[in-house]
Structures are given as structure tokens and as C-alpha cells.
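Working notes for the structure below.
In what follows, chains are A, B, ... by sequence order, proteins preceding strands, each numbered from 1.
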Amino acid sequence: MSQQHSSPPATVTVFASPASWIESDAVAQCHQVAALDGMTHVAAMPDLHPGKGAPIGAAMASTVLYPFLVGSDIGCGIAVFPVKLKRAVPEKLAARFPDLDRALDPERDADDPAWAVLKGDVPAGHVEGLGTVGRGNHFVELARIGTILDAGHASRLGLDAGDLVLVVHSGSRGLGERILRAHTEVHGAGPAPDPAAYLAAHDDAVRWGSLNRRLLAARVAHALGFEPAEPIVDQCHNLVELRDGSYLHRKGAAPGDGRDVLIAGTRGTPSYLVAAHAGPDAGHSVAHGAGRKMSRSDALRRGRAKHTVEELRRTPVGSLVVCGDRQLLFEEAPTAYKRIEQVIADLVDHALATPIATTIPLVTYKTPENRGKRGRR
DNA sequence: ATGTCC
């Protein structure tokens with residue numbers, strides 16, 4: 001690929017210890033991005049892994065806006081909601097999760113109580129797929145607060161050890177995909193010629209993603225019998241923001257400037273709620289999760305030899321995984337991801353974040369049971 | 001990641 005450079009290559013900083021496994025392909029992708037016209041800095045998080053064209057787990061600053069650096073799931077993020085339930089028996093609750101592959105239809109489902117979280121209009125008027133979780137690494141998880149690591153901060157968030165929370169990881173479904181495709185069809189991996197126009201569509205997708213997480217939480221709340229509530233945290237890890245006169249693209253990197261972030265572990269290990277305090281070298285960002293250690297195809301191949309479906313559905317922490325798609329179950333096996341403890345340790349060592357508490361999965365919902373990967377409806 | 005390529 002030939003490229004005219006009007007600026008020197010950007011700096012690349014990887015925020016990971018030598019003990020952390022970072023795929024060389026992913027670092028190479030960071031340097032490819034750094035060589036793009038206008039790039040000023042690339043900050044790679046400890047959960048860095050190769051993506052399609054651009055690395056996942058990075059904050060990338062540039063004088064020009066590159067839509068492909070955000071990717072198709074614009075607005076994807078993780079929200080945490082408080083849950084008040086008297087008893088939480090995983091087997092019973094797993095059976096009560098609603099079908100989150102089935103979209104909420106404004107007309108057919110007009111009287112669904114989940115709509116109460118909708119204030120105003122649906123962003124971009126995009127009602128397709130509303131209230132659905134999606135696939136890949138997305139999930140809705142009922143979890144218990146495990147270890148409190150910062151008592152003062154946890155208390156300010158209203159959290160005690162043993163409390164229940166709902167963790168929702170989902171994005172903008174077809175809307176973000178449509179926005180990137182509209183750009184790519186004309187400009188490929190080139191910059192947005194009209195950044196304001198892209199940003200207007202992008203901002204709709206970010207709002208849509210956040211609304212979707214609230215709708216998902218409300219659907220689950222009504223099905224499981226607890227009161228829907230405002231999220232304790234809700235951070236989007238695929239977005240671009242105008243900051244200090246340049247475009248800060250985040251792809252699998254959460255805003256880390258004075259905000260609380262849930263950094264997802266895996267479907268079978270704890271996650272970490274952290275107070276993020278990342279500076280400009282880190283692209284004002286922190287990691288968004290454990291990060292893949294294996295490609296999906298490797299995870300499927302190696303997982304089939306290593307795991308039974310039963311041990312992936314009942315995890316080492318005693319949680320249940322609701323996932324009628326066996327292939328997805330293997331692709332998302334905890335062993336396909338890096339150790340979340342190492343990711344968190346790297347953030348702490350680089351003074352990017354301070355852990356507040358862990359969340360321990362009870363029930364992780366991926367996709368309905370008793371349905372093939374090509375489920376109908 | 002995705003109403004994606006059957």
C-alpha cells in the first residue's frame with residue numbers, strides 16, 4: 001500500500017509488562033496505524049489483540065478522522081446496573097432470562113415495560129434490533145460483587161461485597177455497521193471528508209448503544225423480578241472524540257480519564273470495576289477486557305479438543321452460561337482469553353487505574369438455549 | 001463486530 005506522508009509516524013506506546021502476552025501481529029497493526037497520515041499517537045492497552053485492519057485495545061490520536069479505527073460496532077460498551085433480589089439461584093434465574101435475540105418491536109411489543117427507559121426518540125429512528133444483545137463477545141451477566149478492593153469508592157457507588165449487579169456488554173447492532181459501511185463504500189479506509197457528518201451519525205450510534213444496554217437491563221429486570229435502575233457505570237469502548245484539537249479514536253479501549261469502568265474478564269472468571277485515571281500518553285484510556293489470546297478459529301479448534309460443552313456451561317466459579325450456540329461457546333471459552341488479573345496488574349503498574357471491586361459471574365447470557373447458531377425469528 | 005458469504 002503506498003501512502004503519502006505529510007507528517008512523521010506517530011509514537012506507539014504499549015502499556016503492558018513483559019510478562020503479558022501481546023501478539024506481535026497486534027503491535028505490527030499499531031505501527032501500521034501510526035504510519036497513517038495525520039496520526040500523532042497510538043496507545044496500546046494490555047488487552048491488545050489483532051483486529052480487522054486496526055488493532056483492538058488501543059486509543060489512536062490523529063489530526064484526521066478515520067472511521068475504520070472505530071470499526072463497525074460504534075457505541076459498543078459495558079454498563080453495570082444495581083440488582084435487588086432476595087435470593088439468586090443460578091439455575092432458576094438462568095431459566096428465566098428472556099429471549100434477547102428477539103428485538104423489541106415498538107408496535108407489537110408496545111406494552112413491554114422495558115420501554116420505560118426510553119426518554120425521547122430512538123436515536124436515528126433505528127428500531128431494528130433494539131433490545132437485542134448481539135453475538136461475538138457480547139453478553140448480559142448477573143454477577144455478585146466479590147472482593148472489595150477500595151472500600152471508600154465502592155461505598156460511594158453503593159456497592160457492598162455480596163451485592164448483585166447486572167453487567168451488559170453490547171453495542172449498536174446494525175446501526176453502527178450501516179454507518180461504517182456507508183463510509184467504506186465510498187472512501188474505504190480513508191479519512192472522513194466531512195468529519196461533522198460522520199460524527200453526527202456516530203453520536204447517534206453511541207446513544208443507541210447506551211439505550212440498548214438500558215433496554216437489555218430492563219428486559220432482564222422485569223423477567224427476573226427486580227426493579228430496573230440507572231446504571232452505576234456505562235462506558236463506551238468503540239468511539240471517537242474530538243479532544244485537544246485532534247480525533248481520539250478508541251477501539252476496544254474505555255475512556256479512562258477520571259471515570260469508573262467495568263473491565264470484563266471472561267465467561268468463567270471475575271471482572272474488575274476500576275477507577276480509571278489515564279493521562280495523555282495512554283490516550284486517556286484503559287483496557288476494556290481480558291482481550292483475546294486466541295483467534296476464534298483457534299479457540300474453536302483447540303477448545304473442542306480441550307473442553308466439554310458441560311464444563312463451558314458450568315464454569316470454575318460456579319456460574320452458568322446460557323448459550324445455545326455450541327460454536328460460540330468454544331470461541332468464547334475463558335481459555336481463549338488472557339488472564340484478566342494480568343491486564344489489571346498492568347493497568348495498576350502503569351498508574352492507569354485503581355481497582356474498586358471484582359464481580360463474580362452467576363449467570364452469563366449469550367444467546368437462547370435450544371437454538372442453532374442460525375436461530376430463527 | 002455484522003440482518004455477514006451459503
Inset, instruction - Verify the contact: side-chain N or O of A/Arg173 to OP1 or OP2 of B/dT2, cut-off strictly under 4.0 Å; return yes or no. - result: yes
Whole angstrom is fine here: how far is it from [atom1] in [X] over to [atom2] in [N]?
X        : N     : atom1 : atom2 : result
A/Lys251 : B/dT2 : NZ    : C1'   : 11 Å
A/Glu185 : B/dT2 : CD    : C1'   : 14 Å
A/Leu130 : B/dT2 : CG    : P     : 14 Å
A/Arg181 : B/dC5 : CZ    : P     : 9 Å
A/Lys52  : B/dT2 : NZ    : C1'   : 9 Å
A/Arg178 : B/dG3 : CZ    : P     : 12 Å
A/Arg102 : B/dG3 : CZ    : P     : 17 Å
A/Leu180 : B/dG3 : CG    : C1'   : 16 Å

Inset, instruction - Tell me, please, which residues at least two apart from A/Asp298 pass salt bridge (charged side-chain N to carboxylate O under 4.0 Å, His left out). - result: A/Arg301
Legend entry - Any residue meeting salt bridge (charged side-chain N to carboxylate O under 4.0 Å, His left out) with A/Glu177, in chain and number order, not counting sequence neighbours: A/Arg181
Inset, instruction - State, without any angle test, whether A/Thr367 and A/Arg135 hold a side-chain donor-acceptor pair at a distance under 3.5 Å. - result: yes
Inset, instruction - Would you tell me whether A/His288 and A/Asp47 have side-chain atoms, one donor and one acceptor, within less than 3.5 Å of each other? - result: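 Yes, A/Asp47 and A/His288 have a side-chain donor paired with an acceptor closer than 3.5 Å.
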Inset, instruction - May I ask you to say what A/Gly71 touches in the nucleic acid, namely base, sugar-phosphate or nothing, with a heavy-atom cut-off under 4.0 Å? - result: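 Nothing: the residue A/Gly71, judged by heavy atoms under 4.0 Å, touches no strand.
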